[in-house]
Amino acid sequence: MKKYIFLTFLISTVCFAQKTTLYTIGDSTMANKKDADRNPEHGWAQVLQPFFKEDIVVVNKAVNGRSTKSFINEKRWDSIYKKLKKGDYVFIEFGHNDEKIEDSTRYTNPHTAYRYNLIKFVKESRAKGAIPVLLTSIARRNFNEKGVLIPTHGDYPLETRLVSQEYKVPFIDLEYYTELLEQSYGPEQSKQLHLHFKAGENPYYDKDKADDTHLSLLGATTIAQLVVNQIKLLEDASLEKLKKGIK
């Protein structure tokens with residue numbers, strides 16, 4: 001009997017050891033939302049797990065309102081760094097709140113602090129044997145009167161691209177692919193990707209809601225699919241385990 005118990009324990013341990021953790025760090029466009037069953041708002045990393053088999057475990061550590069600076073200063077990165085193990089993945093997507101120039105606790109200069117914070121995430125992930133992946137920020141729904149989608153992220157996506165090139169980090173240009181997504185829906189239909197409701201239209205909101213940054217379930221799920229599609233296309237040997245884990 002003891003032999004069978006030990007064998008069962010050994011098999012369970014081996015199976016657990018084979019699981020790979022995919023950490024996602026970033027802001028509210030990725031983060032898990034409260035009242036998920038009722039809340040129309042979703043982060044794209046909140047809906048990422050269903051795209052993977054059981055051997056890939058998504059741990060979404062993105063938090064509303066965080067920049068690279070506040071994520072580090074609040075010790076949120078430290079708590080992840082301590083748990084990182086060889087073969088884990090870290091998806092890194094910041095920028096929306098690094099832009100908050102009126103807030104000294106969050107703002108970073110894109111060419112200095114933001115850049116060096118990204119490098120910190122990359123180097124420290126690699127020091128633990130984990131694989132960092134850099135992503136540019138998702139585009140906002142920001143069409144002008146001519147129906148042209150206007151960028152809002154300044155030089156932050158540029159610095160993400162430069163860091164990925166300099167440090168040879170797997171890279172997903174999510175700003176570009178979400179620009180294409182917004183444009184494919186057009187100025188009016190793209191509201192479906194975000195949070196646009198008249199007062200009383202959705203029981204979760206008692207006032208009009210017009211949010212062009214955050215995502216509906218449709219928007220979050222579509223962007224999660226975009227991310228998975230890009231993982232499949234990336235030619236990087238370090239991503240093979242992640243690719244095999246896609247359903």
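- With Asn64 contributing its side chain and Ala31 its backbone, the two residues share no donor-acceptor pair below 3.5 Å.
- Inter-residue side-chain proximity for Asn39 and Tyr205 is flagged as met; some heavy-atom pair is nearer than 4.5 Å.
- More than 12 heavy atoms of other shown residues, nucleotides or ligands fall within 6.0 angstrom of atom OH in Tyr167.
- Side-chain contact check for Ser70 versus Thr105: every heavy-atom pair is 4.5 Å or farther apart.
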| query | Going through the checks in order, is the side-chain contact (heavy atoms from CB on, under 4.5 Å) test met by Ser190 and Phe143? | reply | CA-CA 10 Å; Ser190 58; Phe143 290 93; 3.4 Å; yes
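- Note: the hydrophobic cluster containing Leu118 also contains Ile80 (ILVMFWY, side chain heavy atoms under 4.5 Å, direct or indirect links).
- Scored by the side chain to side chain contact (heavy atoms under 4.5 Å, CB included) test, Lys75 finds Asp78 as partners (sequence neighbours excluded).
- Leu162 shares a hydrophobic cluster with Leu158; the chain of contacts runs through ILVMFWY side chains whose heavy atoms sit under 4.5 Å apart.
- With Arg140 as reference, Glu99 is the one residue of Glu175, Glu99, Glu179 to meet the salt bridge (charged side-chain N to carboxylate O under 4.0 Å, His left out) rule.
- Applying the side chain to side chain donor-acceptor pair (under 3.5 Å) test between Glu41 and each of Lys34, Lys33, Gln46 identifies Lys33 as the sole match.
- No donor-acceptor distance shorter than 3.5 angstrom exists from the side chain of Asp98 to the backbone of Ser67, with no hydrogens or angles considered.
- Under the 3.5 Å distance criterion, the side-chain polar atoms of Asp88 are matched with a main-chain donor or acceptor of Thr21.
- Side-chain atoms of Thr178 come within 3.5 Å of backbone atoms of Ala139 as a donor-acceptor pair (strictly under, hydrogens ignored).
- When the shell of 6.0 Å around OH of Tyr204 is examined, it contains more than 12 heavy atoms from other residues, nucleotides or ligands.
- Checking Tyr114, Trp77, Phe94 one by one against Phe71, the ring pair (Phe, Tyr, Trp, His ring centres under 6.0 Å) holds for a single residue, Phe94.
- Proximity of a side-chain donor or acceptor of Arg141 to a complementary backbone N or O of Pro187 within less than 3.5 Å is detected.
- Hydrophobic clustering keeps Trp44 apart from Phe171 (ILVMFWY residues linked when any side-chain heavy atoms are closer than 4.5 Å, directly or through intermediates).
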| request: Let me see the working for Ser125 and Leu84 under side-chain contact (heavy atoms from CB on, under 4.5 Å), right down to the final yes or no. | output: CA-CA 7 Å; Ser125 295; Leu84 279 179; 4.1 Å; yes
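- Taking CZ of Phe121 as the reference point, atom CD1 of Ile25 lies at 4.5 Å (rounded to 0.5 Å).
- Placement of Leu181 and Leu48 within a single hydrophobic cluster is found when ILVMFWY residues are connected by side-chain heavy-atom separations under 4.5 Å, directly or transitively.
- Side-chain heavy atoms closer than 4.5 Å link hydrophobic residues (I, L, V, M, F, W, Y) into clusters, and following such links, possibly through other members, connects Phe91 to Val58.
- In this structure, Tyr116 and Thr108 have side chains that are not in contact, with every pair of non-hydrogen atoms separated by 4.5 Å or more.
- Checking side-chain atoms of Thr136 against main-chain N and O of Pro157 turns up no donor-acceptor pair under 3.5 Å.
- The side chain to side chain contact (heavy atoms under 4.5 Å, CB included) test applied to Gln225 returns Phe51, Val228, Asn229, not counting sequence neighbours.
- Not one N or O on the side chain of Gln49 forms a donor-acceptor pair closer than 3.5 Å with the backbone of Val59.
- Atoms CG and CG, from Asp173 and Leu226 in turn, are 11.5 Å apart once rounded to the nearest 0.5 Å.
- Remark: Arg115 CZ to Asn109 CG distance equals 11.5 Å, nearest 0.5 Å.
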Quick one: side chains of residues 191-199, donor-acceptor pairs under 3.5 Å with protein atoms, not counting sequence neighbours, listed by atom name and distance.
| from | atom 1 | to | atom 2 | distance (Å) |
| --- | --- | --- | --- | --- |
| Lys191 | NZ | Glu188 | OE1 | 3.3 |
| Lys191 | NZ | Glu188 | OE2 | 3.3 |
| Gln192 | NE2 | Gln189 | OE1 | 2.3 |
| His194 | ND1 | Asp212 | O | 3.4 |
| His194 | ND1 | His214 | O | 2.9 |
| His194 | NE2 | Glu182 | OE2 | 2.6 |
| His196 | NE2 | Asp212 | OD1 | 2.5 |

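- Cluster annotation: Val169 and Ile92 are assigned to the same hydrophobic cluster (Ile/Leu/Val/Met/Phe/Trp/Tyr, side-chain heavy-atom contacts under 4.5 Å, transitive).
- The 12-atom threshold is not exceeded at CD of Glu54, counting heavy atoms of other residues, nucleotides or ligands nearer than 6.0 Å.
- Of the possible donor and acceptor atoms, none in the side chain of His96 sits under 3.5 Å from a partner among the backbone N and O of His153.
- Within 6.0 Å of NZ in Lys61 there are 12 or fewer heavy atoms belonging to other residues, nucleotides or ligands.
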Residues 239-247 side chain polar contacts: donor-acceptor under 3.5 Å, at least two apart:
| from | atom 1 | to | atom 2 | distance (Å) |
| --- | --- | --- | --- | --- |
| Lys241 | NZ | Thr20 | OG1 | 3.4 |
| Lys243 | NZ | Leu234 | O | 2.4 |
| Lys247 | NZ | Pro50 | O | 3.1 |

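- Take Ile150 and apply the side chain to side chain contact (heavy atoms under 4.5 Å, CB included) test, not counting sequence neighbours, and it matches Asn142, Asn144, Val148.
- Of the possible polar contacts, one joining the Thr221 side chain to the Leu217 backbone as a donor-acceptor pair under 3.5 Å is found.
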